[in-house]
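For reference, the structure is listed below as structure tokens.
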Amino acid sequence: MDFSPTVTLDGARRLLVSFEGETSPPADGGDAPEGPEVQVAGRVMQFRMQGKSCFAHIEDDGERMQVWFKLDRIGEQPYAVVRLLDYGDIVGVRGRVMRTRTGEPTVVADAITLLVKALQAPPEKYHGLQDQETRYRKRHLDLLSSVEQRRHFAARTAVVRSLRRTLEARGFLEVETPILQPIPGGATARPFTTHWNALRTDVFLRIAIELHLKRLLVGGYRQVFEIGRVFRNEGLSPRHNPEFTMLEAYEAYSDYNGMRALTEALVVEAASALGPQPGAEQQGGAFPCEDPLRRSVAGRELVLTPPFRTVRMVDLVRDICGFDPVAEWDDLAGHARRLGVEVQTSDGPGATLFDIYEQRVESQLWDPTFVLDYPAEVSPLARHRSDDSRFVERFELIIAGRELANAFSELNDPIDQRRRFEEQARLRAAGDDEAFVVDEDFLEAIEMGMPPAGGLGLGVDRLVMVLTDSPSIRDVLLFPTMRPRHRDDETHSVAAHLSPSRRAEEA
RNA sequence: GCCCGGUUAGCUCAGUCUGGUCAGAGCAGGGGACUCUUAAUCCCUUUGUCACAGGUUCGAAUCCUGUACCGGGUACCA
């Protein structure tokens with residue numbers, strides 16, 4: 001059963017083309033000349049059995065090639081194998097490249113090797129796999145039946161590669177920091193909890209990367225970044241998955257303005273790396289478009305050409321809601337009521353302003369917009385503005401109504417930082433289970449002196465969603481989080497399988 | 001969590017409003033014909049817990065209730 005392909009399917013096609021370039025076309029009525037011998041492998045996606053001859057299409061790595069089996073050429077025994085082929089089988093074929101009368105590049109077979117037999121029927125060959133649940137739960141079938149899906153997920157990889165390249169080109173060092181943490185910090189979110197048997201203690205899956213990267217700045221690294229999974233114990237939605245991929249980058253002696261330039265470069269270069277958007281929906285005659293920075297998202301044009309719009313949050317609120325939040329700082333709760341904005345009873349003016357912005361302004365932002373200067377109240381890790389301590393040097397990048405990135409001039413004053421942690425602790429005591437927990441290790445680290453720095457967090461999945469025009473985060477995750485599908489007895493059997501090892505470890 | 005919609009053969013789907021030859025089609029599977037096909041074609045043919053559990057009824061895929069799962073929306077979510 002030894003078989004190894006000598007060329008890819010695309011390679012075989014190129015061999016045929018170059019062979020034809022060196023050969024004069026056949027005389028009238030003659031069969032097309034046969035090119036060099038190749039060995040190719042792939043999965044049988046279609047075949048058309050015609051008695052003593054059979055055409056099949058095999059597919060491998062996104063490429064497709066026709067194979068032609070003829071009884072009188074391949075022989076009785078091998079042809080018996082052809083007769084037994086099923087959709088989904090993976091075969092190796094030795095043969096010669098040629099072109100059929102219809103002009104299709106084809107490997108005419110001299111030998112066939114059945115590499116693996118498919119025992120499960122593949123999805124319907126014409127419509128493909130339509131059921132959303134099956135496409136998410138059994139992604140291998142989704143990918144198998146759709147070249148487009150395989151290309152789509154390769155685009156995600158291209159984005160991540162571009163992010164990495166952009167940062168490395170600017171001198172950033174990629175690092176890896178713990179996912180299991182004794183105290184989850186760096187964001188306001190509920191964590192997933194797990195148990196460390198040996199130490200008989202609960203640990204948490206990280207909700208952000210932030211605090212460890214800042215400790216690396218204390219340690220003397222000037223530019224660091226990490227691309228990794230973070231986990232938040234929240235609901236599913238088209239824009240939220242409990243585990244998602246975050247890029248965080250920190251640069252000493254920079255600030256949020258430096259991070260703004262970096263963020264813009266990351267987005268623009270990622271879009272350029274993807275190239276022009278394929279098959280964008282026609283909208284106002286603008287698409288398809290050769291400019292990779294002009295894209296279609298949800299049927300609407302999105303222009304990513306720099307520089308991105310930059311505007312302060314208070315100016316946005318003033319322009320869209322019709323009042324000046326700074327001048328009317330003490331009446332923000334009243335404005336929120338008039339606008340029908342829902343606020344928490346514990347909200348101060350800063351949090352109320354943020355509620356108004358989030359509920360009335362943010363979703364209206366379409367083209368890339370840096371929203372500057374958030375209320376200090378909702379930004380416990382960012383540095384105050386020197387001209388107005390109610391606000392911090394922070395921005396979020398909004399594209400197509402979605403938050404893509406969040407950055408600030410990092411708070412590096414340990415005394416101020418401790419005060420803000422204690423304020424968060426008060427909120428937590430008052431029932432806010434998303435407020436920060438005081439992280440003494442982090443405080444001790446920055447008491448050593450953390451250089452002034454800019455820091456950035458970017459939602460990689462959301463960037464990929466925008467750049468690939470994907471309406472749901474599940475469409476950019478190969479295996480999105482799904483509600484576990486179980487029967488009662490299975491639940492118990494899983495527990496039964498897990499518990500002996502846990503007992504052994506704890507003994 | 002809440003609201004709306006969906007769940008019928010391995011796959012893609014009709015059938016549900018109006019209960020009663022409705023257990024159906026195409027593809028896949030099985031048998032046969034076919035040596036330039038392209039969702040090949042032609043003849044024959046197998047396949048079902050109509051999501052699950054109750055209820056109404058002489059009779060339920062169809063009506064009612066509950067449950068599960070999926071999708072869309074919404075909420076939580078820097």
Side-chain angles (χ1 to χ4, degrees), chain A residues 31-32 45-57 64-74 79 82-84 86-88 98-104 106 108 118-138 141 144-145 186-190 207-208 210 232-242 244 246 313 342 344 350-351 354-355 357-359 362 371 374-375 377-382 392 394-398 402-408 432-436 457 459 462 471-474 480 482-488:
Chain A
D31 284 342
M45 301 305 283
Q46 286 183 16
F47 56 83
R48 299 168 287 283
M49 176 61 70
Q50 296 167 78
K52 297 181 178 114
S53 166
C54 176
F55 287 95
H57 273 97
R64 208 165 240 257
M65 172 65 81
Q66 180 166 266
V67 180
W68 190 9
F69 302 100
K70 295 199 279 187
L71 172 61
D72 57 5
R73 178 174 181 129
I74 199 172
Y79 201 76
V82 174
R83 286 186 200 277
L84 290 173
D86 284 311
Y87 288 165
M98 53 87 70
R99 214 174 266 280
T100 59
R101 282 178 199 162
T102 56
E104 177 157 351
T106 299
V108 55
L119 298 182
Q120 298 267 359
E124 208 254 4
K125 65 181 175 183
Y126 182 61
H127 296 91
L129 190 58
Q130 299 293 322
D131 181 63
Q132 280 294 330
E133 179 182 357
T134 308
R135 290 181 55 202
Y136 292 147
R137 286 189 190 274
K138 302 185 180 179
L141 294 180
L144 173 62
S145 60
T188 53
R190 276 185 285 270
I207 55 176
E210 178 140 353
R232 297 186 181 177
N233 207 334
E234 292 157 4
L236 296 166
S237 92
R239 280 167 290 284
H240 297 87
N241 199 69
F244 61 101
M246 178 93 102
M313 179 191 286
E342 292 176 28
Q344 304 287 318
F354 182 65
D355 288 334
Y357 159 76
E358 273 212 313
Q359 293 176 43
E362 188 178 274
V371 179
Y374 280 57
E377 201 176 321
V378 295
S379 315
L381 298 166
V392 294
R394 168 183 173 185
F395 72 77
E396 285 195 358
L397 173 62
I398 312 298
R402 297 168 187 162
E403 298 164 13
L404 249 68
N406 178 27
F408 21 92
D432 181 354
D433 56 1
E434 292 183 356
F436 281 35
R462 287 186 181 176
S472 170
I473 195 169
R474 288 180 159 179
M482 301 291 281
R483 192 185 288 262
R485 171 173 270 177
H486 59 253
R487 302 191 303 269
D488 287 346

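Everything numeric here is computed off the predicted structure, so don't read it as measured data. Lettering of chains follows the sequences in order, A, B, ..., and the numbering in each one begins at 1.
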Touch class at under 4.0 angstrom, heavy-atom based, for [X] against every strand present:
{"X": "A:Q46", "value": "sugar-phosphate"}
{"X": "A:R232", "value": "nothing"}
{"X": "A:E403", "value": "sugar-phosphate"}
{"X": "A:A189", "value": "sugar-phosphate"}
{"X": "A:D86", "value": "sugar-phosphate"}
{"X": "A:Y374", "value": "nothing"}
{"X": "A:L236", "value": "base"}

Tell me: [atom1] of [X] to [atom2] of [N], nearest whole Å?
{"X": "A:L144", "N": "B:G10", "atom1": "CG", "atom2": "P", "result": "18 Å"}
{"X": "A:K70", "N": "B:U35", "atom1": "NZ", "atom2": "P", "result": "12 Å"}
{"X": "A:M65", "N": "B:U37", "atom1": "CE", "atom2": "P", "result": "19 Å"}
{"X": "A:L84", "N": "B:G30", "atom1": "CG", "atom2": "P", "result": "9 Å"}
{"X": "A:Q359", "N": "B:C76", "atom1": "CD", "atom2": "C1'", "result": "12 Å"}
{"X": "A:Q66", "N": "B:A39", "atom1": "CD", "atom2": "P", "result": "11 Å"}
{"X": "A:M49", "N": "B:C42", "atom1": "CE", "atom2": "P", "result": "18 Å"}
{"X": "A:R48", "N": "B:A40", "atom1": "CZ", "atom2": "P", "result": "6 Å"}

Donor-acceptor pair, distance only, cut-off 3.5 Å: does the side chain of [X] make one with the backbone of [Y]?
{"X": "A:Y79", "Y": "A:S53", "answer": "yes"}
{"X": "A:R232", "Y": "A:I207", "answer": "yes"}
{"X": "A:T102", "Y": "A:T100", "answer": "no"}

State the pairing partner of [N]; accept Watson-Crick or G-U wobble contacts with both distances under 3.5 Å, and report none otherwise.
{"N": "B:A25", "value": "B:U12"}
{"N": "B:A51", "value": "B:U67"}
{"N": "B:U41", "value": "B:A33"}

Using the [atom1] atom on both, measure [N] against [M] and round to a whole Å.
{"N": "B:G48", "M": "B:A9", "atom1": "C1'", "value": "5 Å"}
{"N": "B:C63", "M": "B:C42", "atom1": "C1'", "value": "44 Å"}
{"N": "B:A23", "M": "B:G15", "atom1": "C1'", "value": "10 Å"}
{"N": "B:C34", "M": "B:A40", "atom1": "C1'", "value": "11 Å"}
{"N": "B:C3", "M": "B:G20", "atom1": "P", "value": "31 Å"}
{"N": "B:G5", "M": "B:U18", "atom1": "P", "value": "16 Å"}
{"N": "B:A33", "M": "B:A25", "atom1": "C1'", "value": "24 Å"}
{"N": "B:C69", "M": "B:G32", "atom1": "P", "value": "46 Å"}

Between A:Q50 and B:A33, is there a side-chain N or O to OP1/OP2 distance below 4.0 Å? no

Side chain of [X] only, please: which of [options] is the nearest?
{"X": "A:M482", "options": "B:U12, B:U35, B:C70", "value": "B:C70"}
{"X": "A:R239", "options": "B:U74, B:U38, B:G72", "value": "B:U74"}
{"X": "A:Y87", "options": "B:G72, B:C76, B:A28", "value": "B:A28"}
{"X": "A:E234", "options": "B:C11, B:U38, B:C76", "value": "B:C76"}
{"X": "A:P238", "options": "B:C36, B:C76, B:G73", "value": "B:G73"}
{"X": "A:R137", "options": "B:C11, B:C70, B:G73", "value": "B:C70"}
{"X": "A:F55", "options": "B:A40, B:C36, B:U38", "value": "B:C36"}
{"X": "A:S53", "options": "B:U35, B:U37, B:C76", "value": "B:U35"}

Is there a donor and acceptor pair closer than 3.5 Å between the side chain of A:E133 and the base of B:U7? no

Decide yes or no, distance alone: a donor-acceptor N/O pair under 3.5 angstrom between the base of B:U74 and the side-chain of A:S237. no

Judged by each residue's nearest nucleotide on RNA chain B, which is more toward the 5′ side, A:A56 or A:P123? A:P123

Both A:L129 and A:R73 contact RNA chain B. Which one's nearest nucleotide lies toward the 5' end? A:L129

Would you mind reporting whether [Y] and [X] have side-chain heavy atoms less than 4.5 Å apart?
{"X": "A:M246", "Y": "A:E210", "result": "no"}
{"X": "A:F55", "Y": "A:Q66", "result": "yes"}
{"X": "A:I473", "Y": "A:R239", "result": "no"}
{"X": "A:L236", "Y": "A:N241", "result": "yes"}

Testing A:E403, A:R394, A:M313 for side-chain contact (heavy atoms from CB on, under 4.5 Å) with A:V371, which one passes? A:M313

